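One structure below.
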Number of protein chains: 4
Amino acid sequence: MIRVTVWNEYWHEKSEEKIAKVYPKGIHGAIADFLGKNEDITVRTATLDDENCGITDELLENTDVMIWWGHLKHGDVPDEIAIKVKEAVLRGMGIIFLHSAHHSKPFKLLMGTTCNLGWRESDDKERLWILDHNHPIMKGIEGRYFELEAEETYTEPFGIPDPDKLLLIGWYNGGEVFRSGCCYHRENGKIFYFQPGHESYPTFYNENVQKIITNAVRWACPDYRIDKLECPWVARIEEK
Amino acid sequence: MIRVTVWNEYWHEKSEEKIAKVYPKGIHGAIADFLGKNEDITVRTATLDDENCGITDELLENTDVMIWWGHLKHGDVPDEIAIKVKEAVLRGMGIIFLHSAHHSKPFKLLMGTTCNLGWRESDDKERLWILDHNHPIMKGIEGRYFELEAEETYTEPFGIPDPDKLLLIGWYNGGEVFRSGCCYHRENGKIFYFQPGHESYPTFYNENVQKIITNAVRWACPDYRIDKLECPWVARIEEK
Amino acid sequence: MIRVTVWNEYWHEKSEEKIAKVYPKGIHGAIADFLGKNEDITVRTATLDDENCGITDELLENTDVMIWWGHLKHGDVPDEIAIKVKEAVLRGMGIIFLHSAHHSKPFKLLMGTTCNLGWRESDDKERLWILDHNHPIMKGIEGRYFELEAEETYTEPFGIPDPDKLLLIGWYNGGEVFRSGCCYHRENGKIFYFQPGHESYPTFYNENVQKIITNAVRWACPDYRIDKLECPWVARIEEK
Amino acid sequence: MIRVTVWNEYWHEKSEEKIAKVYPKGIHGAIADFLGKNEDITVRTATLDDENCGITDELLENTDVMIWWGHLKHGDVPDEIAIKVKEAVLRGMGIIFLHSAHHSKPFKLLMGTTCNLGWRESDDKERLWILDHNHPIMKGIEGRYFELEAEETYTEPFGIPDPDKLLLIGWYNGGEVFRSGCCYHRENGKIFYFQPGHESYPTFYNENVQKIITNAVRWACPDYRIDKLECPWVARIEEK
């Protein structure tokens, strides 16, 4: 059983009627709904307004893969929580950062860069091109590309380390491109950044988006975790 | 003219007679000496005990490549200084981290990982194997490998992101291996991690070590720098 | 069910008594034995002396992952067979190249390089260091390293493209290092190069070696295959 | 002095009046013209109709960087010539493959893949997005992107190994994206694939295209070359 925790800032959906209509259960609720249909996945959710942002040591130890959505309230996540999440990843927990989570504290800490990009909300159509159909995260995605009728436009240069594996490039009819699906290994943890998912669009109901997130959960789920991050003194192996 | 700043913790050399004998001018002095012999390089130095650790905005703006050596006093570098150095790199400044600087604040911030490793001081011999002789950082290094009669042993697993280019693997007669020369691009800045250089050994007088550091300075020197890190709103390029 | 074909040159075992004692059923037989114990894997074998080297279009279409061992008789594999294997990989078949298969025709065709290395048979001990314990190919391998009492020594520089993921570095007590576990994605196919496995040593009975090969079979097994390699004319998607 | 050889199929320009008007001296002539203006570069040219395709051992030994343009006549380059070029690269010669040279024999041999892509001639506009402004090949290219008023459309999936460094992504107003600037290290040689340059468009007169090709020549120029590709027996370094 893969134990997933979906973390959501959950601000737009509570404060903007238009967004609440798109995601009445919150973005976390929408993601939990489709993930929970899989027999090998069990889901819980946590949000910014929960005590301690809903993130405790116990939660992290019992989460195989975390999913993170945030946008306007990145700064409200305390540094010590962000560091806890980062360290859980380095010990082996998988994590998937969605859309505007490119600027979340845990993502920026793990990447070591600004994760800056260019952006614009203009209802551009996005076409996502698949670079490697045989990667586990692309399982079941048909065709050379798939489309989203409208998304927030994100554009290069995207201030990230070059991905260990680039899976998707987004084309926007407004004229931009973006590295939209990026895999990273960081110590014992696997990280996937996936660009779609602006709060005002029904992106998380899209079948291909759901498949990719579900596949990414399985890909990021750890076989191996360590308890403690340490820099050990080691004895000599070979006799002098 | 490439403007280099060599930053050194400069603690061992001042507090331990044995180390002072190896590096009477400090490790920074030894590095400045061989770099300064190159007509295209001008060097200044800064140390932990200088005001503000010797690091100011003015210095960073006028440094093309920084070299960093630290060991026991990483924690004495204030976080805001470490962040300044990190951001200077992301804007374009090159940086070379030497030996125990794997645990320096700027390196850990830029890597996003613990940069942990296994270690031991047992006078092991190290043999550094060259993976790509035609990389600019290996220019002039002859043979399949070169040797250091004694070095601190560092061993895998080394908690770093996979290098964008791995140039050297260290073999130790005590039984270990280590990724000893690692290149990274991070936004506009180039980073080189180079493992040799324990304070108690005359490593920085070794001809191959000097060549590699000199080559790395030229490789990391920026052609392009930006003034400000930002995440801009962008206008639509294509007419709807 | 993962359909594996183990291909072996099968020359040493038939012509040298000493080798026959180590691998009485041939190296392919030894590999088939341990792989066949897995409920999700079914194995067949093919050897150089079989008609057509034992490799037909039908076989390739019905093989999910091929394992390749060859040494002295690389040249006896016809070019057209080697090309067939290469193209099957590019269409999606997984492949694992063992030890001296670094110089097999299919490996060299897929890498595009000489795949040269330095070598010596001197009963060196090898210690294989694990760079990423949470990669699927390392599942179940405990500790920072594992050892082989004796192996043929292979050494850098190894004339391969930088691996998409480097998993293992070999240390030899004779003084060398080697990139011993290398993952590649090539179009639709996954490739793993694994260095251990000289014919005169009982390497393929080693528990860790068996685990790694078994894990690599599962990793390389395709989710996606294409029938035909083509460079298609494509219609315009967007209206002018 | 960097010794460049520009190789061109030189068929379109001789047989199609329309193309001859765009490139009256041939594509090789246009490239030689702008490269030859640099004081550190000396250029010669060779074409398919020259004896031996214009490629001899002497030429390869005296070429630091080769530039390759071909399209309809890839098959007319003899295999043994293609292999000579490939081996010169593996020994250290730099090479730049332009546009439809993605299907040239030397490029396919070096990549080990089909190098297939989707394509269409429909006068699409291309916008090339720059991923890393501080790479030596991007020196002097201003802005987030540059444009070509019309180019042949090339589209993903592009059947290449993942580049060691991806520098450019092309956006086409017809709806496609393409990895348009790809760096590779292959043994001792550096390779750059650059997508623009269809014969019917004045692409090679574009200032940014000229800058990138000139920069790539300097980047690919070797510091190190070997005479012979070999897989040597090596003596034991450490005493038993």
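Since this is a predicted model, take the numbers as computed values, not measurements. Below, read A as the first sequence line, B as the second, and so on, with proteins coming before strands; counting in each chain starts at 1.
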Residue A:Glu142 excluded, over 12 heavy atoms near CD under 6.0 Å: no

Heavy-atom pair with the smallest gap, counting every atom of A:Glu176 and D:Trp171: O-CD1, 3.1 Å

Chain A contact via D:Tyr145 - side chain, backbone, both or neither, heavy atoms under 4.5 Å: neither

Nearest-0.5 Å distance that lies between atom CG in D:Leu168 and atom CD in A:Glu156: 11.0 Å

Test log, rule side chain to side chain contact (heavy atoms under 4.5 Å, CB included), inputs D:Arg179 and A:Ile169: CA-CA 9 Å; D:Arg179 285 173 287 178; A:Ile169 296 176; 4.1 Å; yes

Portion of D:Asp132 that has a non-hydrogen atom of chain A nearer than 4.5 angstrom: neither

Enclosure of A:Glu121 CD (heavy-atom neighbours >12, cutoff 6.0 Å): yes

Nearest-0.5 Å distance, CG of residue D:Leu166 to CG of residue A:Leu166: 7.0 Å

Neighbourhood of chain D inside residues 194-213 of chain A, taking heavy atoms under 4.5 Å as contact: none

Interface residue of largest heavy-atom contact number with chain D, from A:His133, A:Lys125, A:Arg144, under 4.5 Å: A:Arg144

Heavy-atom closest contact (D:Gly170 atom, A:Val177 atom, distance): O-CG1, 4.3 Å

